[in-house]
Amino acid sequence: MAKEEKARAKKEQIKGKAKEAMGRMVGNERMTAEGKTEQRKGDARQAKEKGKDTFKH
């Protein structure tokens with residue numbers, strides 16, 4: 001389960017970065033903001049999984 005969540009977090013981060021970059025390129029502020037939000041969600045998910053790993057060991 002943890003590996004899937006970590007992969008999902010990484011996927012959200014990458015997707016968010018791409019969306020943010022595309023939004024900046026075309027001048028779409030909404031897309032840029034959505035990309036940043038997706039990155040933050042991925043960051044939060046990754047931090048949660050790292051916290052779980054810390055308590056397991």
Side-chain angles (χ1 to χ4, degrees):
M1 180 74 144
K3 286 184 181 183
E4 290 106 18
E5 287 296 315
K6 288 179 184 178
R8 186 173 173 192
K10 191 55 97 173
K11 182 179 172 184
E12 283 178 336
Q13 290 170 326
I14 292 168
K15 183 179 172 187
K17 283 185 182 195
K19 196 173 206 177
E20 180 184 3
M22 184 62 73
R24 287 180 193 261
M25 193 172 7
V26 298
N28 186 330
E29 291 180 20
R30 182 177 176 195
M31 186 183 289
T32 302
E34 287 174 0
K36 287 181 181 182
T37 300
E38 286 182 26
Q39 285 182 63
R40 288 187 194 114
K41 282 176 34 182
D43 291 345
R45 187 179 311 279
Q46 188 175 43
K48 181 179 104 177
E49 291 304 316
K50 284 183 179 181
K52 284 182 183 179
D53 288 346
T54 299
F55 288 111
K56 285 182 182 178
H57 297 277

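We number each residue from 1, following the sequence as shown.
Ion pairing between a basic and an acidic side chain is recognised when a charged N comes within 4.0 Å of a carboxylate O; Arg30 and Glu34 show such pairing. Ion pair Glu4/Arg8 not flagged as a salt bridge, since none of the NZ, NE, NH1 or NH2 atoms sits closer than 4.0 Å to an Asp/Glu carboxylate oxygen. Checked for salt-bridge contact, Lys52 and Glu49 meet the test: a charged N lies under 4.0 Å from a carboxylate O.
Between Arg45 and the choices Lys6, Glu12, Lys11, the side chain to side chain contact (heavy atoms under 4.5 Å, CB included) rule is met once, by Glu12. Partner of Glu38 under the side chain to side chain contact (heavy atoms under 4.5 Å, CB included) criterion, out of Lys17, Glu20, Lys19: Lys19 alone.
Looking at every heavy atom in both residues, Gln13 comes nearest to Asp43 through NE2-OD1, 2.5 Å. When all heavy atoms of Ala9 and Gly42 are compared, the pair lying nearest together is CB-O, 3.5 Å.
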